[in-house]
Student: 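Handing you a structure now.
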Amino acid sequence: MYEAQRALASPVRNPRMATVIGRLLGAAFLICFGTGLYSHFLQEPLGWMRFATRPEFLYQVTQGTHIVAGIACLPLLLAKLYIVFPELFAFPPVRGLVHFLERASIALFVGASLVQITIGLLNTYQWYPWPFPFRQVHFALGWVLIGLLVIHIGVKLPVITRYWSKSAPNIGNGSGSSGDGMGSGDADHLVAAVSGNRAFNAEAVRLWGSTRPSGVTGRVLDYIDATPRVANGVSRRGFLTTVGVATTAVVGLTAGQTFTPLNAVNLFGPRKKGVGQQGVPVNRTSEQAQVADAALAPAWALTLVVAGTERAFTRAELLALPQTSVRLPIACVEGWSQMASWRGVRLRDLADLMDADPETSFRLISLEERGSFSKTQMGREYVRDPLTLVALELNGETLDLEHGYPARMIAPGRPGVLQTKWLSRIEAI
Ligand SMILES: Nc1nc2c(c(=O)[nH]1)N[C@H]1C(S)=C(S)[C@@H](COP(=O)(O)O)O[C@H]1N2
Ligand SMILES: [Mo]
């Protein structure tokens, strides 16, 4: 076992590096969790929840951040696994119940993280090669991961605090795993830890001083002395540079799908700004939604239903009402977003025409018959917002069929999935 660990030894495989990469990864996880919860509850609000409608690009920012931080997790997680990989060969593999639980929680943590990042990434490409509903599983796994992150930080707290700052690791004084009273299991563990890092070995010898203790600590030092002091190729600086470049590259070459200054280098993002009908990307097409016939039928009218009263508005009638122009983004949950100019009727004007109570929420129903977004709900804060439109025009032209002709919803600060295209009915609820 020591031989295996020795073969894997490297200057980057040390607790300081694990702490450095670990806290970046931890921060990315927390950002993903926070922005993910926000996105989730926008789509599935609990009854009492109300959301900010300003700034109108809020969701564009939170979801863009979610996707960018999620993508950054991939190289960071691989780097972290590279650093701690020799732990797989720790001997004995299990040193009692607590140690077993610690290792089991880490195994679960690594597995769940890999699944979470992978399904999230594939989702941004709208590829769902699995038999479960993405959002519910991604949401549940998010909670599992935060729980495991808390456990992981708790378990590793002594290491994290000791290696948090750049100063020399204080392995000699007052730490529970060295000095007198160490069991032989601890010695194995220390040998294992020490074997991971040549520079750390030298530090250990220095800190322990010239007096060579006998017993367990002496064994550790004998081991250190017997171990060749050659690094196996990867230097710390080289490793950090590689991780930095890889992370910057995957982030930088994707973020352009939502962050305009990087648009030119958006190589990995599945959607490009300005590419699509009327300069806006299309997520679900009229063909996929099977709405073309109903949407282009001359008999189309938008039906409003409030407190049992129904009223149908033809497109000509909608165009005859006061028109408002707004600039609002489509901000897809999958990370891309695009600002656009919309023109149409304020939803609150229609609600007033129907004498709707200002406290009512609405249900938006699309011509689309199947599909998870054919019916969506809109809270009162969006209904009453002056920027919320039943849009009839996009970027100065009649709304394209692909963008929801004859009429679509556009509201500030909402995920793309709730910007319902091909409207058919709007019901007060
Ligand atoms: N009826 C309906 N509306 C819909 C969808 C849909 O599948 N069906 N997709 C939504 C999603 S996921 C997004 S991101 C936006 C995209 O709008 P766009 O295609 O006009 O850019 O439309 C939304 N409106
Ligand atoms: Mo979307």
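First listed ligand is number 1; within each ligand, the first listed atom is number 1.
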Student: Checking side chain to side chain donor-acceptor pair (under 3.5 Å) against S286, which of H403, K421, E402 comes through?
Tutor: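 With S286 as partner, side chain to side chain donor-acceptor pair (under 3.5 Å) holds for just one option, E402.
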Student: Given salt bridge (charged side-chain N to carboxylate O under 4.0 Å, His left out), test D385 with R54 step by step and report yes or no.
Tutor: CA-CA 10 Å; D385 194 287; R54 295 292 181 283; 2.8 Å; yes
Student: Near ligand 1, which residues have a heavy atom under 4.0 Å away from one of its atoms?
Tutor: V280, P281, V282, N283, R284, I330, C332, W336, S366, E368, F373, H403, R408, G416, V417, Q419, T420, K421, W422
Student: Would you please name every residue forming a ring-ring contact (aromatic ring centres under 6.0 Å, His included) with F239, sequence neighbours left out?
Tutor: Y82
Student: Have R271 and N283 got a donor and an acceptor in their side chains that come within less than 3.5 Å?
Tutor: yes
Student: Test side chain to side chain contact (heavy atoms under 4.5 Å, CB included) on Y382 and R414; report intermediate values, then the result.
Tutor: CA-CA 9 Å; Y382 300 105; R414 296 199 102 196; 3.4 Å; yes
Student: At their closest point, which heavy atom of Q257 faces which heavy atom of E334, and how far apart are they?
Tutor: NE2-O, 4.2 Å
